[in-house]
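Working notes for the structure below.
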Amino acid sequence: TDLKKIRNFSIIAHIDHGKSTLADRLIQQTGGLTQREMREQVLDNMDIEKERGITIKSQTVRLNWQAADGVTYELNLMDTPGHVDFAYEVSRSLAACEGALLVVDAAQGVEAQTLANVYQSIEHDHEIVPVINKIDLPAAEPDRVKLEIEEVIGLDSADAVEASAKTGIGIEDILQAIVDKIPAPTGDRDKPLKAMLVDSWYDPYLGVVILVRVQDGVIKKGQQIKFMNAGSEHLIDRVGCFTPKRVELPELGPGEIGFITAQIKEVAQTAVGDTITTVKNPTEKALPGFKEVQPVVFCGLFPVDAADFEKLRESLYKLRLNDASFSFEMETSAALGFGFRCGFLGLLHLEIIQERLTREYDLDLITTAPSVVYRMDLSHTKNEDAMVLELHNPADMPDVNRINFIEEPWIKATIYTPDEYLGGILKLCQDRRGIQKELTYVGGRAQVVYELPLNEVVFDFYDRLKSISKGYASFDYEQIGYREGDLVKMSILVNEEAVDALSMIVHRGTAEERGRGMCERLKELIPRHLFKIPIQAAIGGKIIARETISAMRKDVTAKCYGGDATRKRKLLEKQKKGKAKMREYGNVSIPQEAFIAALKMG
Ligand code: GTP
């Protein structure tokens, strides 16, 4: 295709502002699908994505649309993930485009996530076309939102398109604005092939499908290609695009976005951001910005039923086929038996994998306390040279006397909130050892920037923020490196026995409060037994908090029975099933839910 007729763009939007609905509408308007094929929200094709309304894996769609000048343009719409955990994938998708639609809800206005993505988009020199969506809503205030876009983001919104993805108002205007405002890509067909690996996913029929953006040269079937960072070589067997139906094409030229397949078995072999070139006539320089993504949050996953261990292993392998950003290795725990230590990009990523294992693979799991990666400096010990240990699991913490100092990862968080919730949010950040960096007001809203230890954020910071602000505050973060911290390992003892799954690294200053909270919650979560159960939090040998579950009186159990035989049998079956979801610690049965619930700070 002639470069001048190509437009590559993404959609920037806060969650729920209507990105998927708009994408569907653009597909519908340009005739990529027949009415019958037009399922609801075609771009978000995973169940969990649909349910949570979050786009996880990106997909791109080619729209052919005839503009006012009578020319048919090739518009490539790049769908990007919408959560902070997937920031690097977003950055590569943006690098593949020349512009973006900025979709802002006409009733909600600009949110922090939107801001973060807009700035990223501006950094990629994108032309940004503001779209005020949901103007059909009675609460819509397009003029106020336009003003906000100018004030907060500094974008000229005089030409912002007012639209409703739901009713179809303004959709043609959006398409025309894409053609008029977003620049065509540049590239040279006669140069050696240089293409970016934008995304990849596993397809049961095709193997790994790779989304590419061609910079220079041409990519076609039969070519022997090379991934420059990975160093691997592959033979291309398919080239095409999605409309969103899969369409095979003879080639992809400069400026174009589409897919290739090359009989690759695992997505782990395809790193997002890698440069693709040909073996015969390679380009000299790889594209800039390649980064290997590293998991930042780790936790243990153990099957409730030890017999499910192999099934868990297989399920993890299957999930990893499609998600190279999570890692796992076998782990043994004194109390939980055999399981896996898994690494994730963030807490949402963790929850997604955990949910898929439970739902799609029908596994009952115990998740241990999520932990970030700590750096333990073990130098100044007698037998070792300077040595830094990266700790992924509190259970592996070396003896305190061997540790010179501990460092923990920090983040810079940007929170955007209506004024009225600011007090509560500042307190939350303060309680989590935050250091306030900025506080600015725009209209009735405040933007606060805090530096926070990641470990204070991974548990329930986001949930707390949402509940304090009734869902109005938004949150975005980036990692800013490691800092020394006064950190200790806190163990939880149930009936005098340490529950390794609940041990965690905490800051000394907040250890007591955290320990007390854990003990209190466990007291509620663990059912009474026939004997008294002490629950304790300890640092080293020192008990810092304690609760006691009193013994159950015998006649309480008797009351549960009675009634006819079938009811009794059902009850017994139910109990048996319930039993399977319990874990034994020093003769105490701990329900599965307790492991997660106990970790949520009050
Ligand atoms: P994520 O995928 O989570 O990023 O959300 P999204 O931005 O894709 O939002 P989505 O398209 O799922 O829309 C969120 C909600 O807003 C849905 O209930 C839509 O039906 C609704 N919605 C989208 N566009 C409009 C619109 O123009 N008017 C009205 N009234 N509702 C809309």
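- Remark: side-chain polar atoms of K532 are not paired, donor with acceptor, to backbone N or O of I549 under 3.5 angstrom.
- Across all non-hydrogen atoms, the minimal contact from T270 to I210 is CG2-CD1, 3.7 Å.
- Between C429 and I415, some side-chain heavy-atom pair lies under the 4.5 Å cut-off.
- Taking the side chain as every heavy atom from C-beta outward, I505 and L391 approach each other to under 4.5 Å.
- A pairwise comparison of heavy atoms in P527 and I533 identifies O-CD1, 4.5 Å as the closest pair.
- Listed for the Q269 side chain is a donor-acceptor partner under 3.5 Å among the backbone atoms of E266.
- With values rounded to the nearest 0.5 angstrom, L357 atom CG is found 5.5 Å from L316 atom CG.
- Atom CG of L378 is separated from atom CG of N401 by 12.0 Å, given to the nearest 0.5 angstrom.
- Contact of the L426 side chain with the V448 side chain is registered, since non-hydrogen atoms from C-beta on lie closer than 4.5 Å.
- The structure places OH of Y374 at 8.0 Å from CG of L454, a figure rounded to the nearest 0.5 Å.
- Using modelled atom types, one side-chain atom of D274 and one backbone atom of N229 make a donor-acceptor pair closer than 3.5 Å.
- Scanning both residues, V296 and G346, for their nearest heavy atoms gives CG2-N, 4.2 Å.
- Heavy atoms from other residues, nucleotides or ligands lying under 6.0 Å from CD of E310 number more than 12.
- K311 places a side-chain N or O within 3.5 Å of a backbone atom of Y361 that can act as its donor or acceptor partner.
- The closest donor-acceptor contact from the side chain of R375 to the backbone of Y482 lies at 3.5 Å or more, if one exists at all.
- Of the listed residues (M397, M387, E407), just one forms a side-chain contact (heavy atoms from CB on, under 4.5 Å) with M376, and that residue is M397.
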CA sep, side-chain torsions, deciding dist, call: D308, D364, side-chain contact (heavy atoms from CB on, under 4.5 Å): CA-CA 9 Å; D308 279 342; D364 277 331; 5.6 Å; no
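- Between E451 and K412, none of the side-chain N atoms (NZ, or NE/NH1/NH2) sits under 4.0 Å from a carboxylate O, so this pair counts as no salt bridge.
- Around CD of E547, the count of heavy atoms belonging to other residues, nucleotides or ligands within 6.0 Å exceeds 12.
- Judged by distance alone, with hydrogens and angles left aside, the side-chain atoms of T275 form a donor-acceptor pair with the main-chain N or O of L287 at under 3.5 Å.
- How far OG of S325 is from CZ of F344: 10.0 Å, rounded to the nearest 0.5 Å.
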side-chain contact (heavy atoms from CB on, under 4.5 Å) between F328 and L301, worked out: CA-CA 9 Å; F328 64 96; L301 291 178; over 6 Å; no
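- The two atoms that bring S10 and L94 nearest to each other are OG-CD2, 3.4 Å, heavy atoms only.
- The line from CG of D199 to CZ of F259 is 13.5 Å long, rounded to the nearest 0.5 Å.
- Formation of a donor-acceptor pair under 3.5 Å by the Y421 side chain with backbone atoms of A473 is not found in this model.
- Not counting sequence neighbours, the partners of R508 by the side chain to side chain donor-acceptor pair (under 3.5 Å) test are D486.
- At a cut-off of 3.5 Å, with distance as the only test, a side-chain donor of D323 or H349 sits close to an acceptor on the other residue.
- Relative ring orientation between F340 and F309 is described as parallel, the plane-to-plane angle staying below 30° on a 0-90° scale split at 30° and 60°.
- Within 6.0 Å of atom CD in Q263, 12 or fewer heavy atoms from other residues, nucleotides or ligands are found, so the atom counts as exposed in its surroundings.
- Using a cut-off of 4.0 Å between Lys/Arg side-chain N and Asp/Glu carboxylate O, E408 and R433 are scored as salt-bridged.
- Across all non-hydrogen atoms, the minimal contact from G300 to E331 is CA-OE1, 3.8 Å.
- Using a 4.5 Å cut-off on side-chain heavy atoms (C-beta onward), T414 and Q447 make contact.
- Within the 4.5 Å cutoff, the side chain of S550 has heavy atoms near those of the R528 side chain.
- Using cut-offs of 30° and 60° for the angle between ring planes, the H17 and H14 rings count as perpendicular.
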Worked verdict on L363 versus S315 for side-chain contact (heavy atoms from CB on, under 4.5 Å): CA-CA 9 Å; L363 285 160; S315 308; 3.6 Å; yes
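- Annotation: the span from C519 atom SG to Q536 atom CD amounts to 7.5 Å, rounded to 0.5 Å.
- Contact annotation: the side chain of V488 never approaches that of M490 to less than 4.5 Å [non-hydrogen atoms, C-beta and beyond].
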side-chain contact (heavy atoms from CB on, under 4.5 Å) evaluation trace for H507 with E456: CA-CA 9 Å; H507 189 257; E456 302 284 344; 4.3 Å; yes
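- In this structure T358 satisfies the side-chain contact (heavy atoms from CB on, under 4.5 Å) test with no other residue, sequence neighbours excluded.
- Between P534 and N495, the closest side-chain pair of non-hydrogen atoms falls below 4.5 Å.
- In plain terms, the two heavy atoms of P303 and G339 that are nearest each other are CD-CA, 4.3 Å.
- Under the 4.5 Å side-chain criterion, counting only non-hydrogen atoms from C-beta, I276 is in contact with I260.
- At most 12 non-hydrogen atoms from other residues, nucleotides or ligands lie less than 6.0 angstrom from OH of Y317.
- Between E520 and R516, none of the side-chain N atoms (NZ, or NE/NH1/NH2) sits under 4.0 Å from a carboxylate O, so this pair counts as no salt bridge.
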